[in-house]
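When a ligand or atom number is given, it counts from 1 through the structure's own listing order.
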Amino acid sequence: MAWIEKYGHGGDLLTAQTQFGLGSTPLLDFSANINPLGPPPKVMQTIKEQLETIVHYPDPAQRKLKEKLARRLELQTEQIIIGNGAAECMALIILALEPKTVGVVYPCFSEYEKLSNAFGAKIKACYGRAEQQFKPKLQDLFALFNEVDLVFIGHPNNPTGVIYSLAELEEIAAQAESTNTYLVIDEAFIDFIPKNKQVTLLPNLEQYKNIIFVRSMTKFYAIPGLRLGFAVAQPEIIAKLQNKQVTWSVNQLALTAGEICLDEIQYEEETIALIEEQREYLKQAIQERFGWFVFSGQANFLLIRLPQSMNVAKLQWEMGKRGVMIRSCAMYPGLTDQDFRIAVRTKQENDQLLSALQKVVDEGGANLCR
Ligand SMILES: Cc1ncc(COP(=O)(O)O)c(C=O)c1O
C-alpha cells in the first residue's frame with residue numbers, strides 16, 4: 001500500500017508519482033492546501049524578469065517587504081520578522097524562546113511537535129474530540145497553560161478547520177498572559193476565510209506581551225516552492241527571533257514576490273469568493289453522493305470521515321492510481337484510518353475529484369473495505 005506522507009505532509013508529488021507508479025504524469029493534488037488559482041500572474045512575470053537578480057545577495061534586513069507588510073497590517077516594522085515560510089518562523093520561535101515544554105491541541109499540524117522535539121522540548125497535549133468537531137474543551141486548553149512554557153494553536157487549525165470566537169480567543173490570550181506562557185497562534189490559513197468572518201487578535205497586539213502570530217504567504221498566494229511567511233509579536237520577542245535567523249534565509253525572488261502579492265487585492269477577493277463557494281459545493285456533494293461525514297470548520301480544506309467499514313489507505317491508493325492525491329489523516333494523533341483531508345480547488349478540479357471518487361466507489365466497492 002502507498003504511504004505518500006512519509007515526510008509528514010501532503011503535497012509530496014515525487015513520492016506519490018513513485019509510489020503510484022505514474023512516472024512523471026501530472027497529478028491532481030488535493031493533498032496540499034494551496035490556492036487553486038496559482039500565483040498572481042504578475043508574480044510569475046516579475047520573477048522571470050528578475051531572474052538575473054540571483055547574482056546578488058538578498059536584502060539581509062528584508063526592508064521593502066517588511067515595510068509593506070507593516071503598512072498593510074498597521075504595525076511597526078520592529079513587530080515583524082519575515083521567514084522562509086511560516087515553518088521557519090515556528091523554528092525560530094522555539095530556538096529563541098527555548099521552551100522546555102510545549103503544549104499542543106491534537107489533532108494539529110505535525111511541525112509543532114516535530115520542531116519542539118528537534119530543539120529539545122517535551123510535548124504536552126490536550127485533544128479536541130470528533131463529537132465536538134475537534135474543538136477542545138476550553139478548560140482542557142487552559143489547563144495546558146499551567147503545565148508548559150509555550151502553547152501552539154492553529155487558527156484555523158489544520159487539519160480540522162477549528163476556529164474560535166473572539167471572546168474565546170480573548171480568554172485564551174488572558175490565560176497566556178496570567179500564566180506567563182507564550183502563545184503561538186498559527187494563522188497560516190486565515191486569509192482564506194471571508195473578511196467578515198475572520199477573527200484574530202492581531203490588531204490588538206499591543207495588549208499582549210506573550211503572543212506570537214504566525215502567517216504564511218505560501219498557501220494563499222500559491223508559492224509553496226518559493227517559501228514565504230512571517231511572524232508578528234512585540235519587538236523584544238521579534239529581536240530574539242531575529243538573532244537566531246540565518247542571514248539571507250529568505251531569498252530575493254521570494255521577497256520580491258511577497259511585495260507584489262500584497263498589492264493583489266482583486267486576486268485576494270476572487271480567491272476568497274471561490275473558496276467560499278466551492279467549499280460548500282464540495283462539502284454537500286460528498287455528504288449527499290457518498291454519505292460520508294464532513295466535519296464543520298473553516299479554511300480551504302475539508303476533513304472527512306469514512307464509514308467504519310472503510311479504510312482511507314485503500315481509498316488513497318485507488319485515487320492515486322487515477323492520478324488524484326488526497327491526504328490520509330491516519331497519522332495525526334486524535335484521528336483515525338477513516339479520516340482524510342482534501343483541499344478546496346476550482347469547480348472543474350473539484351468535479352474531477354468527485355468523479356474519481358465515484359469511480360473508485362463504484363468499481364472498488366468491496367476493495368475499499370478493511
Ligand atoms: C497549519 C500550518 N502552518 C504552517 C504551515 C507551513 O507554511 P509555510 O509553507 O509558509 O512554511 C503549514 C503547511 O502545511 C500548515 O499546515
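Under 3.5 Å, the side chains of Tyr281 and Asp351 contain a donor-acceptor pair of N or O atoms.
Nearest heavy-atom pair, Ala188 versus Lys219, reported as atom, atom and distance to 0.1 Å: O-CD, 4.1 Å.
Checked against salt bridge (charged side-chain N to carboxylate O under 4.0 Å, His left out), Lys48 has no partners two or more places apart in sequence or in another chain. Applying the salt bridge (charged side-chain N to carboxylate O under 4.0 Å, His left out) criterion to Arg341, with sequence neighbours excluded, gives no partner residue.
The pair Arg71-Glu67 fails the salt-bridge criterion, with no side-chain N (NZ, NE, NH1 or NH2) lying under 4.0 Å from an Asp/Glu carboxylate O.
The list of ring pair (Phe, Tyr, Trp, His ring centres under 6.0 Å) pairs with a residue in residues 40-98, not counting sequence neighbours, reads Tyr57-Trp248.
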Output, or 'none' if empty, a list of ligand 1-protein atom pairs in which both atoms are N or O and the distance is under 3.5 Å, rounded to 0.1 Å.
unit_1, atom_1, unit_2, atom_2, d
ligand 1, 3 (N), Asp186, OD1, 3.4
ligand 1, 3 (N), Asp186, OD2, 2.7
ligand 1, 9 (O), Thr218, OG1, 2.8
ligand 1, 9 (O), Arg227, NH1, 2.9
ligand 1, 9 (O), Arg227, NH2, 3.4
ligand 1, 10 (O), Ala86, N, 2.7
ligand 1, 10 (O), Ser216, OG, 2.7
ligand 1, 10 (O), Thr218, OG1, 3.2
ligand 1, 11 (O), Ala86, N, 3.0
ligand 1, 11 (O), Ala87, N, 2.9
ligand 1, 11 (O), Arg227, NH2, 2.7
ligand 1, 14 (O), Lys219, NZ, 2.8
ligand 1, 16 (O), Asn158, ND2, 2.7

